[in-house]
Amino acid sequence: MVAFGKKLKERSIQEWQGYYINYKLMKKKVKQYSRQLEGGNLERRHVLKDFSRMLDNQIEKIALFMLEQQGLLASRLQRLRGSHDALQEQPDISHMSNLKEEYRAVGQDLLKLLFFVEMNAIGIRKILKKFDKRFGYRFTNYYVKTRANHPYSELQQVFRHVGLGAVVGAVSRNLHELQNNQGSYLSIYDQPVLPLQDPVVDSIRAAVDRLTRSTNFLHFMAQHALIMQEELPSPQDEEGEEEDGRYHFMSLLLNLVNTFLYMVNTYIIVPTADDYSMSLGAAATVCGVVIGAMAVAQLFSSVYFSAWSNRSYFKPLIFSSIVLFIGNLLYALAFDFNSIAVLLIGRLFCGFGSARAVNRRYISDCVPLKIRMQASAGFVSASALGMACGPALAGLLQIRFKIYKLTFNQDTLPGWVMAVAWLIYLVWLAISFREPAREPEEIPKTSEESNHSEAVQNVNLEKGMKQPLLITSEEIEEQGEDECDGSEESSEDSRTPANSIVAAYRLLTPSVKVQLLIYFMLKYAMEILLSESSVITTYYFGWSTSSVAIFLFCLGLTVLPVNLVVGSYISNMFEDRQILLVSEIMVCVGILLSFHVVVPYTVPQYVCSGLIMFVSAEVLEGVNLSLLSRVMSSRLSRGTYNGGLLSTEAGTIARVIADATITVAGYFGRNMLLNVTLLPSLVICVLSIAATCFTYNSLY
């Protein structure tokens with residue numbers, strides 16, 4: 001991984017060299033401050049004052065140059081506006097073509113300015129992070145608050161870039177008017193959904209998206225998938241991704257269908273697992289083991305599928321489909337064999353077929369950057385839809401009949417239906433999937449080749465004025481850059497992917513560990529709620545399988561609307577860490593309201609508390625993964641033991657422990673099941689809230 005100072009030097013526009021942030025000078029200053037403080041020759045107060053003044057000067061230089069360039073672009077657009085008006089009175093095809101080229105030339109210069117702002121914004125964020133790390137003082141928070149909220153803020157010019165937005169709008173609108181729409185009175189403002197087919201405007205939009213990264217539903221959902229992306233993709237990189245033939249729409253669709261079917265497979269048995277267990281002579285609470293067996297196997301399958309996806313995508317998906325077909329077949333046949341062992345083996349097989357690691361890797365490695373956000377959001381949406389459809393499908397399978405010696409009823413039909421679904425999917429996969437071309441394996445790694453092949457984790461550029469500078473997300477990334485300062489040779493080693501779970505765990509900073517704890521907590525609480533729902537509602541309310549299925553279906557349907565509200569509105573009004581803490585507290589409230597302390601235990605109490613817990617956990621999951629995608633070390637962005645695998649393992653372990661808790665709690669009797677299973681959820685939730693408060697207080 002190339003250090004940012006070197007990257008800035010290589011990518012900066014030569015004629016504007018003097019107007020970029022002097023990152024090299026400021027980095028030397030930080031080292032100098034450190035030596036002087038260690039020697040006792042300088043007071044901390046003087047360091048803060050001197051560094052603030054130096055950074056203010058750098059930002060002023062950048063902001064004034066931006067304004068100057070915006071003025072030049074505005075003057076050119078004003079002149080072209082006069083030519084455009086004259087052309088409307090006396091249309092001329094040749095003049096129109098020349099005018100379009102002049103607007104495109106302005107667009108090309110605008111692209112240069114956008115890239116200039118992007119590089120400087122990253123430089124400011126990085127030098128602030130380096131200062132904080134070196135001195136153990138959260139100067140970033142103070143600096144941003146005092147500068148961003150001032151009425152004469154120059155920092156806002158860099159991160160708000162409102163004037164640039166006006167220039168972008170002028171170029172786009174005028175090119176739209178000149179682009180084959182003579183006689184039309186509609187502008188881009190009247191038809192915002194109609195894309196302008198112009199490569200310059202497309203490039204400008206891509207640059208603006210990278211620069212602003214304003215939180216919206218699509219971005220929020222994509223981060224929910226925890227699919228890593230590169231930090232500073234160039235237009236050449238984006239074009240290359242499309243030309244290398246790796247992307248294939250049908251293959252992407254097959255990966256999303258795999259995600260959907262697997263989630264359906266996971267939750268289709270929840271409404272009937274207790275009834276199936278009892279029909280085989282086991283206790284109703286053994287449903288926890290039946291449901292959790294799939295998660296136990298997934299702990300291992302996530303690792304080998306992640307490793308397998310380094311070499312192929314097609315073969316793991318074929319293997320996954322075959323194993324899932326066999327697993328569901330065994331699950332369905334367990335009734336006629338009258339064997340709980342066959343039932344559990346069937347569920348274990350289903351878990352061994354979990355190819356979610358492959359689905360994630362395909363999107364991360366093979367989908368072009370410009371549609372990767374949509375693909376990532378599609379991954380999350382497919383998961384949410386599968387989670388809702390599983391219980392709903394179980395509610396529809398309330399029939400009983402026999403064919404020869406095979407029994408088809410509400411317990412076995414989920415297995416039969418999913419076996420047929422995976423068989424159909426297997427045939428479709430074999431016919432339509434196209435294995436993407438693999439990049440040649442690097443045998444001798446020069447530093448240049450290594451730098452080119454290393455992928456960097458998705459680091460948020462500038463989300464308004466608040467998060468990117470406030471978020472404490474790059475301890476590991478900055479550590480790698482510090483190593484680059486001392487030794488270029490050690491840089492390569494510090495950026496290689498983790499080669500084991502233990503190595504990956506060592507790369508986790510305290511804030512990342514806290515967020516993984518939060519992820520563990522919310523998955524544990526959600527699994528307790530969902531897995532024991534059939535037992536609890538049958539015991540307290542006498543609900544039928546159809547009633548349980550409807551309840552779980554309604555819970556699943558809240559996922560996308562909740563993410564829409566949070567991604568489009570709430571995350572634009574509050575900082576992620578604020579939403580994180582409030583969501584944790586609301587999960588805790590939902591757990592407390594779920595306890596059976598008042599006789600009788602009522603349906604409104606159970607439904608309302610469950611809804612509060614589930615919705616809050618969904619909000620928490622989205623925000624937590626959004627933060628996690630930015631704070632993970634860049635060494636966890638690729639390779640077998642990546643950030644997606646770590647989060648998956650944390651969530652899977654939580655589900656396994658939760659399902660085991662339900663079975664163990666069954667020994668205390670069904671009347672004690674609810675409170676006994678909720679107690680660990682409450683303890684873990686309180687611990688996660690305490691860890692969150694402690695971590696963010698120490699960081700801020």
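Computed from a predicted structure; not experimentally measured. All heavy atoms count here, side chains included; hydrogens, waters and symmetry mates do not.
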Which value, rounded to the nearest 0.5 Å, describes the distance between [X] atom [atom1] and [Y] atom [atom2]?
X      : Y      : atom1 : atom2 : answer
Leu324 : Tyr262 : CG    : OH    : 7.0 Å
Asp659 : Ile291 : CG    : CD1   : 6.0 Å
Tyr519 : Thr648 : OH    : OG1   : 6.0 Å
Ser383 : Met263 : OG    : CE    : 5.5 Å
Arg356 : Thr652 : CZ    : OG1   : 8.5 Å
Thr661 : Leu679 : OG1   : CG    : 10.5 Å

For [X] and [Y], work out which heavy atoms get closest and say how close.
X      : Y      : answer
Leu299 : Glu649 : O-OE1, 2.9 Å
Met613 : Ala525 : SD-O, 3.8 Å
Ile689 : Cys588 : CD1-CB, 4.1 Å
Leu344 : Ala293 : O-CB, 4.2 Å
Val559 : Ala384 : CG1-CB, 3.4 Å
Ile518 : Ser688 : CG1-CB, 4.3 Å

Heavy-atom neighbours of Phe349 CZ exceed 12 at 6.0 Å: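 It does not: Phe349 CZ has 12 such atoms or fewer within range.
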So with a 6.0 Å cut-off around OH of Tyr304, is the heavy-atom count from everything else above 12?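 Check passes, neighbour count above 12.
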Can you find a pair of side-chain heavy atoms, one from [X] and one from [Y], that are under 4.5 Å apart?
X      : Y      : result
Tyr362 : Ser309 : no
Val358 : Ser320 : no
Leu678 : Leu682 : no
Leu530 : Met387 : yes
Leu593 : Cys608 : no
Val619 : Ile579 : yes
Phe595 : Leu674 : no
Leu385 : Ser381 : no

Go through the steps to decide whether Tyr276 and Tyr331 satisfy the test ring-ring contact (aromatic ring centres under 6.0 Å, His included), and finish with yes or no. CA-CA 10 Å; Tyr276 204 168; Tyr331 182 86; 5.1 Å; yes
Is the backbone N or O of [Y] less than 3.5 Å from a side-chain atom of [X], with the two atoms forming a donor-acceptor pair by type?
X      : Y      : answer
Thr538 : Val535 : no
Ser616 : Ser583 : no
Ser531 : Gly288 : no
Ser306 : Val303 : no

Set of side chain to side chain contact (heavy atoms under 4.5 Å, CB included) partners for Ser547, sequence neighbours left out: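 Checked Ser547 against side chain to side chain contact (heavy atoms under 4.5 Å, CB included); matches are Trp543, Ser544.
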Using 30° and 60° as the class limits, which term best fits the ring planes of Tyr601 and His596: parallel, tilted or perpendicular?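 It falls in the tilted class, 30° to 60°.
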Would you say the side-chain atoms of Thr692 and Glu584 include a donor-acceptor pair closer than 3.5 Å?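 There is such a pair between these side chains.
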Audit row: Phe352, Leu348, side chain to side chain contact (heavy atoms under 4.5 Å, CB included) steps and yes/no: CA-CA 6 Å; Phe352 285 128; Leu348 283 170; 4.3 Å; yes
Summary of ring pair (Phe, Tyr, Trp, His ring centres under 6.0 Å) pairs that have at least one residue in residues 602-623, sequence neighbours excluded: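 Pairs touching residues 602-623 that pass the test: Phe541-Tyr606, Phe551-Tyr606.
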Run the side chain to side chain contact (heavy atoms under 4.5 Å, CB included) test on Gln605 and Thr602 for me, step by step, so that the C-alpha distance in whole Å, both residues' side-chain angles and the decisive distance to 0.1 Å come before the verdict. CA-CA 5 Å; Gln605 179 186 350; Thr602 62; 3.4 Å; yes
Just one of Pro414, Cys287, Ser533, Pro391 clears the side chain to side chain contact (heavy atoms under 4.5 Å, CB included) bar with Val270, so which one?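 So the option named by the test is Ser533.
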Can you name the residues that form a salt bridge (charged side-chain N to carboxylate O under 4.0 Å, His left out) with Glu527, not counting sequence neighbours?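 Checked Glu527 against salt bridge (charged side-chain N to carboxylate O under 4.0 Å, His left out); matches are Arg655.
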Met526 and Leu522: CA distance, side-chain angles, deciding distance, side chain to side chain contact (heavy atoms under 4.5 Å, CB included) verdict: CA-CA 6 Å; Met526 289 173 69; Leu522 68 90; 4.0 Å; yes
Quick one, Met521 with Leu620, criterion side chain to side chain contact (heavy atoms under 4.5 Å, CB included). Give me CA distance, side-chain angles, the key distance, then yes/no. CA-CA 10 Å; Met521 178 273 291; Leu620 183 59; 3.6 Å; yes
